[in-house]
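Both backbone and side-chain heavy atoms feed into the values below; hydrogens, waters and symmetry mates do not. Each chain gets a letter, A, B and so on, in the order its sequence line appears, and its residues count up from 1.
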There are 2 protein chains.
Amino acid sequence: MHPENDLQAFIREGYLHFLPHVSLDCVVFGFHDNQLKVLLVKWKKLGGWSLPGGRIKRTEHMDDAAQRTLEERTGIREIFLQQFHTFGRTDRTQNAPLGDVADLFGEPIGPDNWLADRTVSVGYYALVEFSKVNPTPDFFSEACRWWDLHELPPLLFDHNQMVTQALHALRAQLHYQPIGYTLLPETFTMPELQALYETILDRPLDRRNFQKRMLGLGYLQRLDERRTIGAHKSPYLYRFDRFQYEKALQEGLGFGQYVPMTSFAG
Amino acid sequence: MHPENDLQAFIREGYLHFLPHVSLDCVVFGFHDNQLKVLLVKWKKLGGWSLPGGRIKRTEHMDDAAQRTLEERTGIREIFLQQFHTFGRTDRTQNAPLGDVADLFGEPIGPDNWLADRTVSVGYYALVEFSKVNPTPDFFSEACRWWDLHELPPLLFDHNQMVTQALHALRAQLHYQPIGYTLLPETFTMPELQALYETILDRPLDRRNFQKRMLGLGYLQRLDERRTIGAHKSPYLYRFDRFQYEKALQEGLGFGQYVPMTSFAG
DNA sequence: TCAAAAGTGTTGGTCCTACACCCATGC
DNA sequence: GCATGGGTGTAGGACCAACACTTTTGA
């Protein structure tokens with residue numbers, strides 16, 4: 001995005017090409033080892049972790065800026081992205097006084113630098129297939145990696161709050177949209193899908209009710225294969241059937257209208 | 001907010017006190033004559049109607065800016081406000097080329113003016129009691145008045161889309177929160193409440209099921225009075241019981257968890 | 001006395017919840 | 001063969017949807 005020689009220009013006069021006072025931050029969810037993961041970056045100078053974020057080019061749609069940012073951090077295109085809240089408190093960055101950093105990447109920066117100025121940030125959450133992600137730091141960060149959702153460190157800015165709200169938004173959406181599939185590989189077993197739901201909702205679900213519900217929605221396609229797992233019975237593989245899903249949507253069935261799906265309590 | 005002599009200063013150098021590139025717009029809903037109303041302002045120079053909106057002071061929380069803006073347009077304090085979406089397309093203002101207006105309020109303005117610059121706008125919707133509102137134009141507008149939701153004119157910028165999305169957000173919230181009461185006077189009858197729900201959801205509901213549902217939630221207090229209406233049986237008056245509502249919330253009952261309330265279809 | 005609106009209860013269907021047994025597999 | 005996990009069906013309860021008659025009131 002900013003080749004080395006462009007970095008200092010970006011810090012010094014990036015506001016010519018990017019909108020100042022507005023940024024976006026992404027809560028990227030992945031699912032691995034039966035845990036929800038969140039992608040974080042570690043800042044070079046500030047030394048703390050934050051969500052991957054970015055700025056909006058002056059000629060670029062905001063949603064495209066979010067896609068671009070995430071493509072840079074993950075290597076994935078066409079990411080499932082949902083805007084969930086915009087954060088506009090005056091004190092949201094007091095956690096990490098960028099303006100007090102005398103020297104950012106060899107470039108002097110002060111409280112008057114456009115990057116240190118007050119910024120309203122638009123929060124997106126993203127659902128990605130864990131194994132497809134290739135975490136990549138940007139110029140401001142020395143590291144980029146997955147963290148377990150329940151073991152996040154204290155984050156810079158108001159990013160801990162962002163994660164919390166993103167999780168709430170994700171849970172709410174889960175009841176109305178078949179978003180779980182974007183977190184899984186193309187084929188998956190019913191127990192895997194259930195584990196994902198249990199992790200997101202953070203409570204156990206009943207196997208039988210869960211399966212009835214999922215199959216009842218009518219757009220899970222059972223394949224003829226089974227997955228061989230250790231010393232146990234092999235579960236069937238399923239695939240999300242996008243065609244049947246569109247069809248179900250049009251018939252007003254499935255999600256969209258009703259479908260509370262608050263509980264397959266177990 | 002901007003006394004006459006301050007107006008030109010605001011246009012010329014308002015960016016010193018307000019954040020450029022960010023604005024907020026409010027979809028203010030009222031309920032009157034069994035119709036949902038939306039508050040609009042008419043621009044002096046552009047000549048078209050838009051949502052009431054505003055800018056964020058550099059020292060002000062964004063949510064406070066929304067409250068302040070609406071207080072200026074309605075005279076009401078402590079308005080029920082919900083942020084619902086942030087609009088960031090590059091073409092969202094091409095509808096109304098502010099920068100092409102050679103002269104705005106006696107002050108020359110060009111494409112380089114901060115007000116004409118690209119702006120991301122945070123959308124809020126507000127629910128107010130119709131009769132308490134005193135519509136008040138600001139310096140940019142020559143009129144401020146209610147419009148019937150179903151008879152809105154083509155609006156400036158992307159504001160028609162904002163209204164549509166606000167309405168969707170309102171409908172979704174209606175299923176989970178007792179927001180109807182903020183649109184009604186303190187006391188109201190069951191048929192009035194039902195009319196409000198029918199208007200928001202845009203479909204008829206069954207009286208008996210509706211009443212059962214509303215009373216079942218447990219925080220509607222029936223008063224000993226009835227309202228005398230024309231040549232018909234007098235309906236009871238009700239009041240929203242905030243205390244019982246809080247209690248119901250804590251017990252996990254009522255809204256919050258389940259309560260789909262998608263249909264009392266009639 | 002009539003028209004228009006409000007108050008009220010019951011029944012059937014659907015969906016959610018709870019729960020138990022058999023099957024497959026590798027050690 | 002046994003431990004572990006996967007596959008499946010049924011019965012009870014809660015909630016939603018459908019529906020009809022009586023009461024009140026002013027014209």
| field | Test item: side-chain donor near acceptor, B:Tyr124 and B:Asp63, under 3.5 Å | value | yes
| field | Polar contact flag, side-chain donor to acceptor under 3.5 angstrom, A:Gln67-A:Glu71 | value | no
| message | Regarding B:Arg222, tell me which of base, sugar-phosphate or nothing describes its non-hydrogen contacts under 4.0 Å with the strands shown. | response | sugar-phosphate
| For A:Arg213 and C:dC15, is the shortest distance between a side-chain N/O and OP1 or OP2 below 4.0 Å? | no
Charged N-O contact under 4.0 Å between [X] and [Y]:
| X | Y | value |
| --- | --- | --- |
| A:Glu129 | A:Lys132 | yes |
| B:Lys37 | B:Asp148 | yes |
| A:Glu72 | A:Arg68 | yes |

Using whole Å, what does the distance between atom [atom2] of nucleotide [N] and atom [atom1] of [X] come to?
| X | N | atom1 | atom2 | result |
| --- | --- | --- | --- | --- |
| A:Asp206 | D:dG12 | CG | C1' | 15 Å |
| B:Met214 | C:dA6 | CE | P | 16 Å |
| B:Leu215 | D:dC16 | CG | C1' | 16 Å |
| B:Lys212 | C:dA6 | NZ | C1' | 15 Å |
| B:Phe210 | C:dT8 | CZ | P | 15 Å |
| B:Ile229 | C:dA4 | CD1 | P | 13 Å |
| B:Gln194 | C:dA6 | CD | P | 9 Å |
| B:Leu205 | D:dC19 | CG | P | 15 Å |

| Taking the six-membered ring for Trp, is the centroid-to-centroid distance between A:Phe157 and A:Phe87 below 6.0 Å? | no
| message | Could you check whether B:Phe243 and B:Tyr219 have their ring centres less than 6.0 Å apart? | response | no
| task | Determine whether any donor atom in the side chain of B:Arg208 lies under 3.5 Å from an acceptor atom in the base of C:dG7, or the reverse, and answer yes or no. | result | no
Do the non-hydrogen side-chain atoms of [X] and [Y] ever get within less than 4.5 Å of each other?
| X | Y | answer |
| --- | --- | --- |
| B:Gln161 | B:His85 | no |
| A:Leu193 | A:Tyr238 | no |
| B:Val41 | B:Pro52 | yes |

In terms of side-chain heavy atoms of [X], which of [options] is nearest?
| X | options | result |
| --- | --- | --- |
| A:Asn209 | D:dT8, C:dG9, C:dC19 | C:dC19 |
| B:Gln211 | C:dC19, C:dA5, C:dG7 | C:dG7 |
| A:Arg207 | C:dA20, D:dG9, D:dA18 | C:dA20 |

| said: In dot-bracket form, 5' to 3', how is DNA chain D paired? Count Watson-Crick and G-U wobble pairs only if both distances fall under 3.5 Å, and write | where the partner sits on another strand. | reply: |||||||||||||||||||||||||||
| request: Output the distance between atom CG (B:Leu149) and atom CG (B:Leu167), rounded to the nearest 0.5 Å. | output: 5.5 Å
Can you check nucleotides 22-24 of chain C for protein contacts, nitrogen or oxygen pairs under 3.5 Å, and list what you find?
none

| Where does the angle between the aromatic ring planes of B:Trp147 and B:Trp49 fall among parallel (under 30°), tilted (30 to 60°) and perpendicular (over 60°)? | perpendicular
| DNA chain D-proximal residues of residues 184-193 of chain B, any heavy atom under 4.0 Å | none
